[in-house]
Amino acid sequence: MPGFVDIQDQIAALLRESGAFAATDDACIRSLAEVAVWQTIPGGATLFTQGDPSETMYIAVNGLLGVYVRNGDGEEMLVGRIGPGELVGEMGCVTGERRSATIRALRTTEVVMVTWEAAEPVARAHPVLMLSLCRTVVGRLRNVQEGRVAKVRPRTFCLILHGSDRGVRAFVDDLVSEFGNLDLTFLVTKETCGDFTTDRLVELETRHGFIIYLADSTQTAWTRLCLRKADAVLTIVQGADEPQPIEPLTHVISPGIPVDMILLWQDGIIPGKTVPWINVLNPNTHYHVRRRADVGRAARLMTGNGLGLVLSGGGARGFAHVGVSRAFNDHGICVDAVIGTSMGALVGGSVAMEWDHESSRQRAERFSRRHPLLELVIPRRSLLSGRNLRTSLENWFGDTEIEETPIRYACVSVDLNTCTATSHRRGKLKTWVRASASLPGIFPPVIEKAGLYVDGGVANNLPTDIARDMGVNFVVAVDVGVIPEKPSGNGAQDAAPVAEIFCEHP
């Protein structure tokens, strides 16, 4: 917490930076700062509860707040996160309605609090304050209706070692460097910052884009401090080691704080080792690290700055995705996640496995040479048996699990039982690629887990929405399913396009 001398100046600066009071002048901001109170909220504490009277609004200074709502059974569900600079609770104050959600500190959080009783005289003296608040409320409601609710990306990370420390220090140094390429980053260790006060740590968070806390390998007082300051926890393990459970962290951190896993590999990803680690530690997500490039990919995904490649279905035209992959590689563009449907799922699998362009081209050529008439069957479930597709996928991917791909991967299929699109991020790569590419009536559906799965293009042929849930901020979507327009002439320059490429970023 800042000292008494400059507290009002800091509160005034926070009010200006929040954006909720953009229409107000300096006199109004100063008057509001004079009635505001700076508070520290311990992790797990509640600011207000759903159904309470709306008497106070808050601005998050640092830390992380969770938004919880009760479902029909009365059970609380985490539906959102609120980061630094966000205004909280103003909607109920303006409308006079009771709280629509419960706000709880996911970790130690500092807020500036203004009671509505104290704000009303300021609003009467400066009517522009109410105008500014109303604009904020209306803008927030419009964003919710249009599905444009911004995700809060973590800014503070706690690294906790589990098992052997082989290569850990080099990984930490590389991670700090890669984070530094994205924003100003500071590494907090017990050796360099063990005697820092809470105020000093808060100051570090304010001055830096990212803070990385390096905890002890056991739950010491230092480790507990690091965990309480983290927006996300990263458990570092040696992928080749035998999986061992970790000491529970639930009594230190909130359930709303994600706990991810970093798998370090000395000589490449070992088949069959990743899934057991996931089953034992049950992380929110995981990252494979074999070399420096993997560290950069992990850093981008952790901070929501990843690049996602989305590949559509489109039958034989889907082989154009191989050329797109080569263009990315030739221009040194790193793909952090790949999502595919139908033929895009197949080519996306090769991208996720980091096959070189020539290998992908040869496999595609051999696959396309098989004549479909050789697979004709009595059409009970499908026109073709699907032997070529099944055999090719078994030869290409073997027993590789989706969780083992060096590049994060997902594919889409449709469950005929529920008529819904399903995103597959776990399981056998060969199984779910085949499901995603099984065109209804042409190939037999994949029967798995009491479901009947067919071509994902039936419901979602260009799944850019899935990319947003995979740590991706920038999306390149390649649609080969578009119907080409008829060429206007005979020249090569008038040929119809094979694909359309879309780029998205907030």
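Only this structure's heavy atoms are used, side chains among them; waters, hydrogens and symmetry mates stay out.
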>> Ser342 and side-chain contact (heavy atoms from CB on, under 4.5 Å): which single residue from Leu311, Val347, Asp455 fits?
In response: Asp455
> Can Asp199 and Thr197 be counted as having a side-chain donor-acceptor contact under 3.5 angstrom?
Replying inline: no
>> If you apply the rule side-chain contact (heavy atoms from CB on, under 4.5 Å), what do you find for Phe21 with Leu133, and how did you get there?
In response: CA-CA 7 Å; Phe21 307 99; Leu133 286 174; 3.7 Å; yes
> So among Phe397, Tyr453, Tyr409, which one has a ring-ring contact (aromatic ring centres under 6.0 Å, His included) with Trp432?
Replying inline: Tyr453
>> Under a plain distance cut-off of 3.5 Å, with no hydrogens placed, do Thr341 and Asn461 share a side-chain donor-acceptor pair?
In response: no
>> Which residues pass the salt bridge (charged side-chain N to carboxylate O under 4.0 Å, His left out) test with Asp469, not counting sequence neighbours?
In response: Lys151
> Of the non-hydrogen atoms in Ala299 and Leu175, which two are nearest, and what is the gap between them?
Replying inline: CB-CD1, 4.2 Å
>> Can a donor-acceptor pair be found, under 3.5 Å and without considering hydrogens, that links the side chain of Arg300 to the backbone of Gly306?
In response: no
> Of the non-hydrogen atoms in Pro154 and Ala232, which two are nearest, and what is the gap between them?
Replying inline: CB-CB, 4.2 Å
>> Main chain of Ala118, side chain of Thr115: is a donor-acceptor contact present, judged purely on distance under 3.5 Å?
In response: yes
> How about Gln238 and Val168: do any of their side-chain heavy atoms sit closer than 4.5 Å?
Replying inline: yes
> Can you check whether Leu64's main-chain N or O pairs, donor with acceptor, with Arg81's side chain at less than 3.5 Å?
Replying inline: no
>> Consider side-chain hydrogen bond (donor to acceptor under 3.5 Å, both in side chains). Of Thr223, Asp216, Thr220, which one does Lys190 pass it with?
In response: Asp216
>> When you compare the side chain of Leu263 with that of Ile269, does any pair of heavy atoms fall below 4.5 Å?
In response: no
> Taking all atoms of both residues into account, what is the closest heavy-atom pair of Pro245 and His162, and its distance?
Replying inline: O-CE1, 3.3 Å
> What are the two closest heavy atoms between Ile253 and Val233, and how far apart are they?
Replying inline: CD1-CG2, 4.0 Å
>> Give me the atom names and distance for the closest heavy-atom approach of Pro243 to Pro276.
In response: CG-CB, 3.7 Å
> About how many Å separate CG of Asn460 and OG1 of Thr420, when rounded to the nearest 0.5 Å?
Replying inline: 11.5 Å
> Taking C-beta and beyond as the side chain, do Pro53 and Arg98 meet within less than 4.5 Å on heavy atoms?
Replying inline: yes
> Within a reach of under 6.0 Å around CG of Asp267, are more than 12 heavy atoms found that belong to other residues, nucleotides or ligands?
Replying inline: no
> CG of Asp415 to CD of Glu448: how many Å apart, nearest 0.5 Å?
Replying inline: 11.5 Å
> So, the side chain of Glu178 versus the backbone of Asp294: is there a donor-acceptor pair under 3.5 Å, distance only?
Replying inline: no
>> Among Ile211, Leu225, Thr206, exactly one meets side-chain contact (heavy atoms from CB on, under 4.5 Å) together with Leu201. Which residue is that?
In response: Leu225
>> Does atom CZ (Arg292) have a neighbourhood of more than 12 heavy atoms from anything else shown, all under 6.0 Å?
In response: yes
> Hey, what do you get for CG (Asn284) to CG (Leu234), rounding to the nearest 0.5 Å?
Replying inline: 10.5 Å
> Are the side chain of Thr156 and the backbone N or O of Asp231 linked by a donor-acceptor pair below 3.5 Å?
Replying inline: yes
>> Using 0.5 Å steps for rounding, measure from the CE atom of Met353 to the CD atom of Glu404.
In response: 8.0 Å
>> Please evaluate residues Arg207 and Leu184 with respect to the criterion side-chain contact (heavy atoms from CB on, under 4.5 Å), reporting the C-alpha separation (whole Å), side-chain torsions for both, the decisive distance (0.1 Å), and the verdict.
In response: CA-CA 8 Å; Arg207 294 172 54 187; Leu184 191 61; 5.7 Å; no
>> Quick check: do Ile447 and Leu452 have side-chain heavy atoms less than 4.5 Å from each other?
In response: yes
> By salt bridge (charged side-chain N to carboxylate O under 4.0 Å, His left out), which residues pair with Asp399, not counting sequence neighbours?
Replying inline: Lys430
> When you check the side-chain N and O atoms of Glu110 and Thr40, is any donor under 3.5 Å from an acceptor?
Replying inline: yes
> Under the 3.5 angstrom rule, does the side chain of Arg408 hit a backbone N or O of Met470 as a donor-acceptor pair?
Replying inline: yes
> Between the main-chain N or O of Leu307 and the side-chain N or O of Asp336, is there a donor-acceptor pair closer than 3.5 Å?
Replying inline: yes
>> Can you tell whether the side chains of Lys428 and Glu401 come within less than 4.0 Å, N to carboxylate O?
In response: yes
> What distance do Leu187 atom CG and Cys193 atom SG have between them, rounded to the nearest 0.5 Å?
Replying inline: 7.5 Å
> Can you check side-chain contact (heavy atoms from CB on, under 4.5 Å) on Val67 and Gln50, steps first, answer last?
Replying inline: CA-CA 10 Å; Val67 182; Gln50 186 174 345; over 6 Å; no
>> For a quick test of reading the model, state the closest non-hydrogen atom pair linking Ala477 to Thr464 and the distance between them.
In response: CB-CG2, 3.7 Å
>> Working to the nearest 0.5 angstrom, can you tell me the gap between Gln39 CD and Thr109 OG1?
In response: 12.0 Å
> Tell me, do Asp241 and Arg166 make a side-chain contact under 4.5 Å, heavy atoms counted?
Replying inline: yes
>> Quick check: do Glu354 and Ile407 have side-chain heavy atoms less than 4.5 Å from each other?
In response: yes
>> With a 4.5 Å cut-off on side-chain heavy atoms, are Ile41 and Arg104 touching?
In response: no
> Do side-chain atoms of His321 reach the backbone of Gly348 as a donor and acceptor pair under 3.5 angstrom?
Replying inline: no
> Which one of Val114, Thr136, Ile59 satisfies the side-chain contact (heavy atoms from CB on, under 4.5 Å) criterion with Glu90?
Replying inline: Thr136
>> Per the ring-ring contact (aromatic ring centres under 6.0 Å, His included) rule, what does the pair list look like for residues 192-227, sequence neighbours excluded?
In response: Phe179-Phe210, Phe186-His208
> Sub-3.5 Å donor-acceptor pair from the side chain of Thr431 to the main-chain atoms of Leu429, do we have one?
Replying inline: no
>> A side-chain contact here means heavy atoms from C-beta on lying under 4.5 Å apart; do Val351 and Phe328 qualify?
In response: no
> Just by distance, do the side chain of Arg228 and the backbone of Val252 share a donor-acceptor pair under 3.5 Å?
Replying inline: no
>> side-chain contact (heavy atoms from CB on, under 4.5 Å) for Val433 and His424? Distances and angles first, verdict last.
In response: CA-CA 9 Å; Val433 169; His424 304 288; over 6 Å; no
